[in-house]
Amino acid sequence: MAARACGGYGPDPAAGPARTRRPEDDGPGPGSGAPWRPAYDPPGPLHRAGARGRVHHGVMLLAPLARVSGEVAETSARSRKIALIAEVFRDAEPEDVPVVIAYLSGRLPQGRIGVGWSALKDPPPPAAEASLTVREVDAAFTALAAVSGPGAQAQRRRLVGELLGRATEREQRFLTGVVAGEVRQGALDAVAVEALAIAAGAQPAAVRRAVMLAGSVSRVAERLLAEGPGALAAFRLTVGSPVLPMLAQSAPSVADAAQRLGGCAVEEKLDGIRVQVHRDGEAVRVFTRTLDEITDRLPEVAAAARALAGDRFVLDGEVIALGADGRPRPFQEVAGRVGSRTDVATAAAAVPLSAVFFDVLAEDGAGLLDLPYTRRHAALARLVPEELRVRRVVVDDGEAGRAAGEAFLRETLGRGHEGVVAKGLDTVYGAGRRGAGWLKVKPVHTLDLVVLAAEWGHGRRTGTLSNLHLGALRPDGTFAMLGKTFKGLTDAMLAWQTERLRELAVDDDGFTVRVRPELVVEIAYDGLQRSTRYPAGVALRFARVLRHRPDKRPQDADTVETVLAGRD
DNA sequence: TTCCGACAGTGGGGTCGCAAT
DNA sequence: ATTGCGACCCCACTATCGGAA
């Protein structure tokens with residue numbers, strides 16, 4: 001195996017750095033001793049805008065938003081965060097509302113604009129006085145989003161530099177957080193929705209529902225603040241407009257899931273890309289989990305939707321790729337295919353996709369979200385032939401039912417699929433929710449691996465060694481890195497491992513601490529994926545720490561051979 | 001009073017497309 | 001041609017707040 005020849009324990013240097021750089025890296029970073037804290041940004045000029053957040057002639061400044069974001073980050077009480085943000089919403093000019101809502105829920109109205117940490121990491125010296133208006137900033141981002149073609153990167157950096165140069169230190173921090181999608185103020189969409197409800201005098205539940213149906217807070221906010229609570233009724237499920245998909249929680253076993261749900265349906269869980277398919281007459285649109293439209297990339301899905309008997313419907317399902325043997329292809333192949341947009345015909349010929357459906361959100365143009373699972377499934381069965389639906393069994397609330405569910409999981413795994421999802425028979429479609437009415441069950445693998453290095457954490461993990469580099473034993477006693485993980489650690493485990501790894505440290509570049517390979521950790525993971533980054537040619541999927549094993553010696557860790565033998 | 005649902009945060013690997021080198 | 005970066009796909013898990021029980 002060629003990748004083996006690179007010899008080192010870690011990522012193949014030729015494959016590029018596995019780390020992500022952040023602005024903090026260049027400051028007095030977490031590795032340099034004292035925990036990193038934002039510099040104090042005094043009030044003063046900010047208050048030119050007044051406590052109500054705007055100057056007399058209705059031009060809203062950015063400064064009060066940045067200040068409120070800071071205050072929101074400072075308080076831990078959710079109710080206080082909501083009150084702070086509601087006040088800004090209430091006082092915003094109607095034209096500014098969509099922008100203000102987006103900024104205070106940590107996003108840009110333009111979405112992603114091609115600017116990441118790399119372009120933000122060396123900001124110019126901040127301005128002394130706050131002068132930027134919300135409208136100017138929004139115009140600047142609109143201009144940034146439009147930049148493309150040769151020279152785009154330099155042009156973007158120049159524009160970002162110009163904008164940040166006019167911002168105070170606090171405003172710079174706020175803007176970079178919004179652009180990078182990491183405001184870290186402990187308030188995103190859910191808090192914005194509550195605040196919006198207060199600002200508009202509407203019921204939070206009604207606002208939340210409208211947001212799920214509209215797919216965005218801003219679209220609801222605009223109309224709600226302009227027209228009042230009556231505007232909420234206009235947000236209904238519409239064929240052609242995507243709604244946020246319902247998500248599942250995890251359960252350790254089918255028996256556990258069945259216990260919690262009572263009688264339930266157990267459906268196979270396919271390892272592909274979630275799709276929401278809308279058909280209105282001949283018009284078909286396909287959306288991803290985050291509501292991006294990918295219709296043009298999935299011609300076979302659109303064709304399948306047109307071939308169905310119904311005329312106006314919305315289906316929820318998964319696209320997967322099946323091999324000649326009928327078994328599912330690895331997720332990576334499906335993701336590559338769905339991600340291909342330049343030459344769809346060639347990509348489709350190489351990896352044909354199949355859509356498999358498990359829910360229906362609208363039938364004959366009428367929304368079904370509030371119907372219980374059983375009735376939605378009946379509608380699904382009317383609309384979609386069995387071979388285009390996920391396999392399932394319905395089990396009752398008892399010993400025999402649980403056994404039947406477990407047997408169905410084993411059979412599903414035997415066919416090469418990822419696991420199952422147990423669904424309560426009375427569960428309504430909770431758009432945008434990770435409801436307890438859907439419980440996914442997947443097999444978990446475990447390994448004892450050795451910590452080779454650890455990275456300093458960010459945010460609430462600042463000052464702790466958080467992200468672990470994991471190695472499996474080679475026959476010659478060295479280690480092959482299989483991936484990293486920061487998951488599964490309690491605060492106590494984090495503190496303990498930071499102390500222990502400091503004792504084992506041999507090198508610290510301010511970002512990564514390399515250690516003597518002596519600490520064994522028990523790792524859970526979902527499976528292996530092909531990797532060009534790591535020397536064994538595979539990486540762990542969804543690795544997380546179960547526990548530290550200081551009782552185990554590194555030479556007792558699992559070997560590369562063991563890991564590869566467990567491969568499907 | 002205790003329990004539990006919903007959120008936010010902290011990042012993981014892979015793949016594609018585009019611009020820079 | 002190769003590399004770097006950003007956008008999106010998939011995602012697990014813990015801490016916390018505040019309402020439900």
Side-chain angles (χ1 to χ4, degrees), chain A residues 11 14-22 73 75-82 106 111-119 147-156 179-191 193-194 208 247 249-250 271-274 288-290 292 294 297 318-319 330-343 347 418 430 432-436 440 442 444 455 457-462 464 466-470 482-494 524-526 528-534 538-546:
Chain A
R19 56 171 293 191
T20 353
R21 284 187 63 84
R22 294 166 191 284
T75 177
S76 64
R78 211 177 120 93
S79 48
R80 177 87 185 122
K81 292 176 193 282
I82 291 168
R112 310 308 306 228
I113 57 169
V115 175
W117 284 114
S118 163
V147 174
S148 69
Q153 221 169 83
Q155 172 81 345
R156 284 202 195 102
V179 171
E182 297 188 24
V183 290
R184 301 182 196 211
Q185 61 182 13
L188 296 172
D189 272 2
V191 167
V193 165
E194 297 282 327
R208 196 155 47 230
L247 306 173
Q249 297 180 7
S250 292
D271 191 12
I273 306 283
R274 183 84 175 263
T288 65
R289 195 161 89 75
T290 51
D292 287 309
I294 54 171
R297 294 181 239 166
E318 192 91 0
V319 288
F331 170 78
Q332 283 165 296
E333 289 184 22
V334 183
R337 163 61 210 281
V338 174
S340 299
R341 56 185 95 196
T342 49
D343 185 357
E418 190 185 13
R433 316 302 287 251
R434 196 172 281 285
K440 59 183 164 186
K442 297 188 283 185
V444 175
E455 295 169 14
H458 297 92
R460 71 183 302 281
R461 290 195 175 188
T462 297
T464 65
S466 169
N467 197 6
L468 303 176
H469 295 201
L470 306 168
L482 294 177
K484 307 179 190 179
T485 187
F486 56 91
K487 295 173 186 163
L489 299 162
T490 63
D491 287 358
M493 290 164 78
L494 208 51
Y525 66 106
D526 275 23
L528 297 176
Q529 44 191 348
R530 223 180 48 241
S531 174
T532 55
R533 184 190 298 272
Y534 291 111
V538 295
L540 303 179
R541 192 169 182 206
F542 311 141
R544 59 269 190 189
V545 177
L546 291 179

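We name chains A, B, ... by the order of the sequence lines, and we start the count at 1 in each one. Side chains are part of it too, since the values below use all heavy atoms of this structure and drop only hydrogens, waters and symmetry mates.
Here A/Glu418 contributes atom CD and A/Lys440 contributes atom NZ; the two are 7.5 Å apart, rounded to the nearest 0.5 Å. Note that the CD atom of A/Glu455 and the NE2 atom of A/His469 stand 3.5 Å from one another [nearest 0.5 Å]. Here the CZ atom belonging to A/Arg297 is positioned 7.5 Å from the CG atom belonging to A/Asp292, to the nearest 0.5 angstrom.
Straight-line distance from the CG atom of A/Leu188 to the P atom of B/dA6: 17 Å, rounded to whole Å. Rounded to whole Å, atom C1' of C/dC13 lies 11 Å from atom CE of A/Met493. Separating the CZ atom of A/Arg434 from the C1' atom of B/dC7 is a distance of 11 Å, rounded to the nearest angstrom. Between the CD atom of A/Gln249 and the C1' atom of C/dC11 there is a distance of 15 Å, rounded to whole Å. The distance from atom CG of A/Asp271 to atom C1' of B/dG13 is 13 Å, rounded to the nearest whole Å. Separating the NZ atom of A/Lys487 from the P atom of B/dG9 is a distance of 17 Å, rounded to the nearest angstrom. Regarding A/Arg208, its CZ atom lies at a distance of 12 Å from the P atom of C/dG19, rounded to whole Å. As rounded to whole Å, 10 Å separates atom C1' of B/dG12 from atom CD of A/Glu455.
Both A/Gln153 and A/Val115 lie close to DNA chain C; mapped to their nearest nucleotides by heavy-atom distance, the more 5′-ward contact belongs to A/Gln153. A residue-by-residue look at A/Leu489 and A/Ile113 shows that A/Ile113 has its nearest nucleotide of DNA chain C further toward the 5' end. Of the residues near DNA chain B, A/Arg461 and A/Leu540, the one whose nearest nucleotide (by heavy atom distance) lies more toward the 5' end is A/Arg461. Comparing A/Ala154 and A/Asp189 by the nucleotide of DNA chain B whose heavy atom lies nearest to each, the residue mapping closer to the 5' end is A/Asp189.
As judged by a 4.0 angstrom heavy-atom cut-off over every strand, A/Ala190 is placed among residues touching the sugar-phosphate backbone only. The residue A/Leu468 sits apart from the nucleic acid: no heavy atom pair falls under 4.0 Å. Residue contacts for A/Val334: at a heavy-atom cut-off of 4.0 Å it reaches no nucleic acid atom on any strand shown. The residue A/Val338 sits apart from the nucleic acid: no heavy atom pair falls under 4.0 Å. Heavy atoms of A/Ala119 sit under 4.0 angstrom from primed sugar atoms or phosphate atoms, though from no base atom. Note on A/Ala524: nothing from the nucleic acid sits closer than 4.0 angstrom, heavy atoms only. Within the nucleic acid shown, A/Asp491 comes within 4.0 Å of sugar-phosphate atoms alone, with no base atom in reach, counting heavy atoms only. When heavy atoms are screened at a 4.0 angstrom cut-off, A/Gly435 is found touching no nucleic acid atom at all. Residue contacts for A/Ala335: at a heavy-atom cut-off of 4.0 Å it reaches no nucleic acid atom on any strand shown.
Considering only side-chain N and O atoms, A/Ser76 lies under 4.0 angstrom from the phosphate OP1 or OP2 of C/dC17. Taking 4.0 angstrom as the limit, A/Arg530 places none of its side-chain polar atoms (N or O) nearer than this to OP1 or OP2 of B/dG13. For A/Ser148, no side-chain nitrogen or oxygen approaches OP1 or OP2 of B/dC18 to under 4.0 Å. At C/dA7, one or more side-chain N or O atoms of A/Arg112 fall inside 4.0 Å of OP1 or OP2 (strictly under the cut-off). The phosphate of B/dG14 has neither OP1 nor OP2 within less than 4.0 Å of any side-chain N or O from A/Gln529. Look at A/Lys442 and you'll find a side-chain N or O under 4.0 angstrom from OP1 or OP2 of C/dA12. For the pair A/Lys440 and C/dA12, the criterion of a side-chain N or O lying under 4.0 Å from OP1 or OP2 is met. Regarding contacts with the backbone of C/dC17, every side-chain N or O of A/Ser79 stays at 4.0 angstrom or more from both OP1 and OP2. OP1 or OP2 of B/dG11 has at least one side-chain nitrogen or oxygen of A/His458 nearer than 4.0 Å. At the phosphate of B/dC7, neither OP1 nor OP2 sits under 4.0 Å from any side-chain N or O atom of A/Arg78. Within the structure, a side-chain polar atom (N or O) of A/Asn467 is placed less than 4.0 Å from OP1 or OP2 of B/dG12. A sub-4.0 Å separation between OP1 or OP2 of B/dG12 and a side-chain N or O of A/Thr485 is absent. Note on A/Arg541: every side-chain N or O is 4.0 Å or more away from OP1 and OP2 of B/dG13.
Side-chain proximity of A/Ser466 to B/dT10, C/dC10, C/dC13: nearest is B/dT10. For A/Ala77, the side-chain atoms get nearest to C/dG18 when compared with the rest of C/dC9, B/dG11, C/dG18. Of all nucleotides listed (B/dG13, C/dC10, C/dC9), C/dC10 comes nearest to the side chain of A/Arg289. Residue A/Arg184 places its side chain closer to B/dT10 than to any other of B/dT10, C/dC9, B/dG12. Of the candidate nucleotides B/dG11, B/dG17, C/dG18, B/dG17 has the atom lying nearest to any side-chain atom of A/Thr342. Listed candidates were B/dG13, B/dA6, C/dC9. Nearest to the side chain of A/Lys484 is B/dG13. Listed nucleotides C/dC8, B/dG11, B/dC7 differ in distance to A/Arg433; the shortest reach to its side chain belongs to B/dC7. Taking only side-chain atoms of A/Glu418, from C-beta outward, the nucleotide of C/dC11, C/dC9, B/dG14 with the closest atom is C/dC11. Here B/dG17 is the nucleotide among C/dC13, C/dC5, B/dG17 with the atom lying nearest to any side-chain atom of A/Arg341. Considering only side-chain atoms of A/Phe542, the nucleotide from B/dA8, B/dC16, C/dC10 that sits closest is C/dC10.
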field: salt bridge (charged side-chain N to carboxylate O under 4.0 Å, His left out) evaluation trace for A/Arg544 with A/Asp526
entry: CA-CA 9 Å; A/Arg544 59 269 190 189; A/Asp526 275 23; 2.8 Å; yes

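The side chain to side chain donor-acceptor pair (under 3.5 Å) check on A/Arg541 picks up A/Asp271, with sequence neighbours excluded. Residues passing the side chain to side chain donor-acceptor pair (under 3.5 Å) test with A/Gln529, sequence neighbours excluded: none.
Defined by atom type and a distance below 3.5 Å, a donor-acceptor pair is missing between the side-chain atoms of A/Ser466 and A/Thr464.
When both distances must be under 3.5 Å, the Watson-Crick or G-U wobble mate of C/dA21 is B/dT1.
Checked by atom type and distance alone, the side chain of A/Arg461 pairs as donor or acceptor with a backbone atom of A/Phe486 at under 3.5 Å.
Under the side chain to side chain contact (heavy atoms under 4.5 Å, CB included) test applied with A/Val545, the options A/Leu470, A/Leu489, A/Thr490, A/Leu494 reduce to a single match, A/Leu489.
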